[in-house]
Amino acid sequence: MANKPISEIPLPKSIANVFSARNISTAKDALSLTEFELMELLDVGLTEVRSALSQISEIVAPPYQTALSLMEQRFQNEHLGGHFPTGLKGLDAALCGGIPFGVLTELVGPAGIGKTQFCLKLSLLASLPTNYGGLDGRVIYIDVESKFSSRRLLEIGLRSFPEIFHMKEMAQEMAGRILVLRPTSLAEFTQSLEQIKVSLLQNQVKMLVIDSMAALVSGEHEQGARRQQTLSCHISFIKSLAEFSRIPVVVTNQVRSRNHDDASRYSFQVQSRDGAIETPMQYDSHLVAALGIQWAHAVTTRLVLEAKLGERFIKVAKSPISPPLAFPFHITSSGISLLSDDGKEVMGPEINAIHCQGSFRQTLVNPFNILNILSRLSLAWFQRCSFFFL
């Protein structure tokens, strides 16, 4: 609106002609000058200048909004976008339907905790027809660490939706909907972002997964302010992709060791009775999410995956609509499953802590399980399905 031409604003003809003669062609040109500068430049009185500025401001300034209108607009956006169910009943209920559309959702946790397993299941769900709870569209999966497994995805599909994945035509169609990119550097990722934006429109893409953003950034040699500037540019672009396309964008993040400065960076720090800031180690966690506070502010929803006392948990650490809850989970042949749909509310700084304690139970699939499942399918069909993922 700032670049709206003065000729399109209903000013008195005499004033409009003077603006044109002085090469003030847009609302921005006029509003960038003070009243006295305009008086001198246009050679008119203060009353005429104030009247013209008032009319220009009224046209180009965004109208005020009431709380009621904002609420109605949000309901409309929810109707157009809404949430994508994860298939985890308790988590979906906490998030008012699932992964939100049009914003960034982060999965953060230590290596091997199940972040990629979660991404594989979400990608599979998004490719399914709507009558199976899917989005009936394509998925762009940016596989930075080469962890994407076509065999694992196929097994999750066979275990979760046998009626689809035992029909080779349907399975092939689902396989062809997941587009895997493997950038080897941040430069390659940058080059592919514009192509992704075009693909979002042309290829009916319904979900974007980046696994993982931290791996992309950590592979670069840039450090300090320059690295943060590069990260900031990519954060802005990914957020704009989510808002522009109104699709769920899921990004995984790694963890790093907590340093001394982290104690004073976060708002959830608390003080002991003697006034001293309690150290993070008192909360039995030495890990924090990588990428820093700038990235933490960029994500709308943060799900922490952690292991504590031999159990795995998914925690809703950040959400504008959910209380801080933790759900125990395990990983089976059909993917991530909750052990209980009743989330336990987590109080204080514990919701942001990331634990990796004990030997959490590894319930991932035995390789012989995969072979048993694949043996039910013809070799030719499996080769054709695998082609789409390689």
Side-chain angles (χ1 to χ4, degrees), residues 1-82 100-104 186-187 189-206 208 225-226 228-249 293-295 297-300 320:
M1 294 296 286
N3 293 319
K4 188 177 184 67
I6 292 290
S7 58
E8 296 180 9
I9 299 176
L11 295 173
K13 190 173 181 178
S14 58
I15 293 293
N17 290 339
V18 176
F19 274 112
S20 178
R22 299 298 188 272
N23 201 30
I24 300 178
S25 56
T26 68
K28 182 178 180 180
D29 295 336
L31 296 174
S32 298
L33 301 172
T34 66
E35 293 178 345
F36 294 105
E37 287 173 334
L38 284 173
M39 287 173 59
E40 183 178 355
L41 185 62
L42 303 178
D43 195 22
V44 297
L46 181 60
T47 303
E48 289 87 347
V49 167
R50 284 180 173 173
S51 176
L53 290 177
S54 177
Q55 287 180 272
I56 295 171
S57 299
E58 186 176 349
I59 294 296
V60 301
Y64 69 86
Q65 292 180 289
T66 65
L68 177 60
S69 65
L70 287 172
M71 183 175 66
E72 291 172 343
Q73 182 180 352
R74 178 176 178 178
F75 284 148
Q76 179 65 18
N77 289 338
E78 293 292 327
H79 174 71
L80 294 175
F101 285 59
V103 295
L104 302 188
L186 194 57
F189 177 68
T190 304
Q191 292 173 0
S192 65
L193 284 178
E194 284 294 344
Q195 298 174 359
I196 290 173
K197 189 171 184 179
V198 175
S199 296
L200 291 176
L201 293 176
Q202 295 180 347
N203 296 322
Q204 294 295 308
V205 173
K206 297 298 179 67
L208 173 62
R226 189 172 179 180
Q228 286 300 315
Q229 184 179 7
T230 303
L231 177 62
S232 177
C233 292
H234 286 85
I235 290 173
S236 298
F237 195 92
I238 295 169
K239 286 188 68 176
S240 70
L241 280 179
E243 295 167 1
F244 161 76
S245 57
R246 298 298 302 174
I247 63 172
V249 175
I293 196 70
Q294 185 181 21
W295 172 260
H297 285 309
V299 299
T300 300

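The figures that follow rest on heavy atoms only: side chains count, while hydrogens, waters and symmetry mates do not.
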Asker: Mind checking the CD1-OG spacing from Ile59 to Ser54? Nearest 0.5 Å is all I need.
Answerer: 10.0 Å
Asker: Please enumerate all residues that pass salt bridge (charged side-chain N to carboxylate O under 4.0 Å, His left out) together with Glu58, with sequence neighbours excluded.
Answerer: none
Asker: Measure across Ala30 and Leu53 and return the closest heavy-atom pair with its distance rounded to 0.1 Å.
Answerer: O-CD2, 3.9 Å
Asker: Report the distance from atom OG1 of Thr26 to atom CD1 of Ile9, rounding to the nearest 0.5 Å.
Answerer: 8.5 Å
Asker: Do you know which two heavy atoms are closest between Leu33 and Asp29, and how far apart they sit?
Answerer: CG-O, 3.7 Å
Asker: Considering residues at least two apart in sequence or located in another chain, which fulfil the side-chain contact (heavy atoms from CB on, under 4.5 Å) criterion with Thr34?
Answerer: Phe36, Glu37
Asker: Using the rule given for side-chain contact (heavy atoms from CB on, under 4.5 Å), can you reason through Val103 versus Val249, listing the C-alpha separation, both sets of side-chain angles and the distance that settles it, and then say yes or no?
Answerer: CA-CA 6 Å; Val103 295; Val249 175; over 6 Å; no
Asker: Looking at CG of Asp43 and CD of Glu48, how far apart are the two atoms once the value is rounded to the nearest 0.5 Å?
Answerer: 10.5 Å
Asker: Measure the spacing between CD1 of Ile6 and CD1 of Ile56 and express it to the nearest 0.5 Å.
Answerer: 4.0 Å
Asker: Holding to side-chain hydrogen bond (donor to acceptor under 3.5 Å, both in side chains), I want the full list of residues that pass it with Arg50, two or more places apart in sequence or in another chain.
Answerer: Glu35
Asker: To the nearest 0.5 angstrom, please state how far the CD1 atom of Ile15 sits from the OG atom of Ser51.
Answerer: 8.0 Å
Asker: As a quick check of understanding, evaluate side-chain contact (heavy atoms from CB on, under 4.5 Å) for Thr300 and Leu104, giving each step before the final call.
Answerer: CA-CA 6 Å; Thr300 300; Leu104 302 188; 5.5 Å; no
Asker: May I have all residue pairs that pass side chain to side chain donor-acceptor pair (under 3.5 Å) and include part of residues 236-245, sequence neighbours excluded?
Answerer: none
Asker: Which of these, Leu31, Leu41, Val18, sits in a side chain to side chain contact (heavy atoms under 4.5 Å, CB included) with Ile24?
Answerer: Leu41
Asker: Taking only residues two or more places apart in sequence, or in another chain, which ones meet Phe189 in a ring-ring contact (aromatic ring centres under 6.0 Å, His included)?
Answerer: His234
Asker: Can you name the nearest heavy-atom pair linking Pro12 to Gln55, along with the distance?
Answerer: CD-OE1, 3.6 Å
Asker: Just verifying a value: how many Å separate Leu42 CG and Phe19 CZ, rounded to the nearest 0.5 Å?
Answerer: 5.0 Å
Asker: Would you please name every residue forming a side-chain hydrogen bond (donor to acceptor under 3.5 Å, both in side chains) with Ser20, sequence neighbours left out?
Answerer: none
Asker: Would you check if the side chain of Asn17 reaches a backbone N or O of Ser14 as a donor-acceptor pair within less than 3.5 Å?
Answerer: no
